[in-house]
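Both ligands and their constituent atoms are indexed starting at 1 by order of listing. Remember, it's a predicted structure, so these values are computed and weren't measured experimentally.
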Amino acid sequence: MLNLVLFGPPGAGKGTQADYLIKKFKLKHLSTGELLRDQIAAHTELGQEAKSYMDQGFLVPDSIVIEMIRSELQENKAVNGYVFDGFPRTVEQAIALDELMIINGTEVAAMLLLSVEKEELISRLLGRGKTSGRADDQGTAIIENRILEYDVKTRPIKDYYAAQNKFHRIRGMGTVEEIAQRLIETVSAL
Ligand code: ADP
């Protein structure tokens with residue numbers, strides 16, 4: 001199995017690039033952001049709880065997203081591998097993912113960090129906010145909060161994967177196709 005963690009700050013282009021990776025390597029896309037938005041749309045209890053965090057740009061509690069991923073893995077076993085997009089976002093989630101991978105008889109092959117400058121992130125997210133309808137893309141204050149959550153809670157995961165020799169940095173600036181090409185080259189060389 002080929003299991004990839006696509007990593008990077010909000011607005012880095014993880015969702016867009018995940019589409020290229022799943023097509024190229026025939027993988028299953030697991031985005032916790034999308035799964036949570038599905039729960040909100042379906043008016044579930046989990047969705048209601050998650051929404052209060054998401055709308056303000058805070059991370060949803062670990063227990064909620066870990067359980068969501070556990071159940072997705074159980075329901076999608078016959079696959080070539082997974083692209084985890086927006087997960088893990090804390091060291092606790094990274095540890096839980098390793099445990100879940102072991103239970104499934106596999107492991108994370110690589111963590112791919114899309115690196116993008118902060119000014120570019122904010123302008124991309126504000127741009128996306130005009131059409132995405134996402135509450136958390138509206139206004140600089142919420143976006144700054146999401147970037148702060150990333151810097152404080154998510155960025156440290158880099159060291160967790162570096163210690164396992166699984167960390168790869170990919171420049172996330174340029175055209176969508178150029179970035180996809182860089183990612184595909186990195187994964188092909190694993
Ligand atoms: P982006 O990467 O642009 O922030 P996502 O769709 O990945 O977009 O995430 C949107 C929001 O969903 C996050 O700001 C957070 O509130 C919540 N979320 C998504 N994934 C996680 C996760 N793994 N842990 C905690 N919260 C999450």
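- Distances from atom 10 (C) of ligand 1 to the heavy atoms of E92, E149, R134 show the closest one on R134.
- Between P88 and ligand 1, a contact under 3.5 Å exists for no N or O pair.
- E99 meets the salt bridge (charged side-chain N to carboxylate O under 4.0 Å, His left out) test with no other residue; sequence neighbours excluded.
- Counting only N and O atoms by type, the side chains of Y82 and N104 include no donor and acceptor under 3.5 Å apart.
- With a heavy-atom cut-off of 4.0 Å, T90 does not touch ligand 1 at all.
- Look at R128 and D136 and you find no salt bridge, because none of the NZ, NE, NH1 or NH2 atoms lies under 4.0 Å from a carboxylate O.
- For atom 18 (N) of ligand 1, the closest non-hydrogen atom of the protein is L36 CD1, 3.6 Å.
- Only side-chain heavy atoms of V65 come within less than 4.0 Å of ligand 1; its backbone N, CA, C and O stay farther off.
- Counting protein heavy atoms only, atom 26 (N) of ligand 1 is closest to V60 N, 3.0 Å.
- For atom 3 (O) of ligand 1, the choice among Q56, R146, Q93 with the nearest heavy atom turns out to be R146.
- Of all heavy-atom pairs between E72 and N76, the closest is O-ND2, 2.8 Å.
- Of all protein heavy atoms, the one closest to atom 15 (C) of ligand 1 is F58 O, 3.7 Å.
- Put simply, M68 and V108 are part of the same group of oily side chains (I, L, V, M, F, W, Y) that touch within less than 4.5 Å, one to the next.
- Between the side chain of E178 and the backbone N or O of T175, at least one donor-acceptor pair lies under 3.5 Å.
- Across M68, K14, R89, heavy-atom proximity to atom 7 (O) of ligand 1 is greatest for R89.
- Of the listed residues (K51, R128, M54), the one carrying the non-hydrogen atom nearest atom 17 (C) of ligand 1 is M54.
- Below 3.5 Å of separation, one finds an N or O of R37 facing an N or O of ligand 1.
- The side chain to side chain donor-acceptor pair (under 3.5 Å) search around D19 returns none, not counting sequence neighbours.
- Protein heavy atom nearest atom 20 (N) of ligand 1, with residue, atom name and distance: T32 OG1, 2.8 Å.
- Between K118 and E144 there is a salt bridge, with a side-chain nitrogen of the basic residue lying less than 4.0 Å from a carboxylate oxygen of the acidic one.
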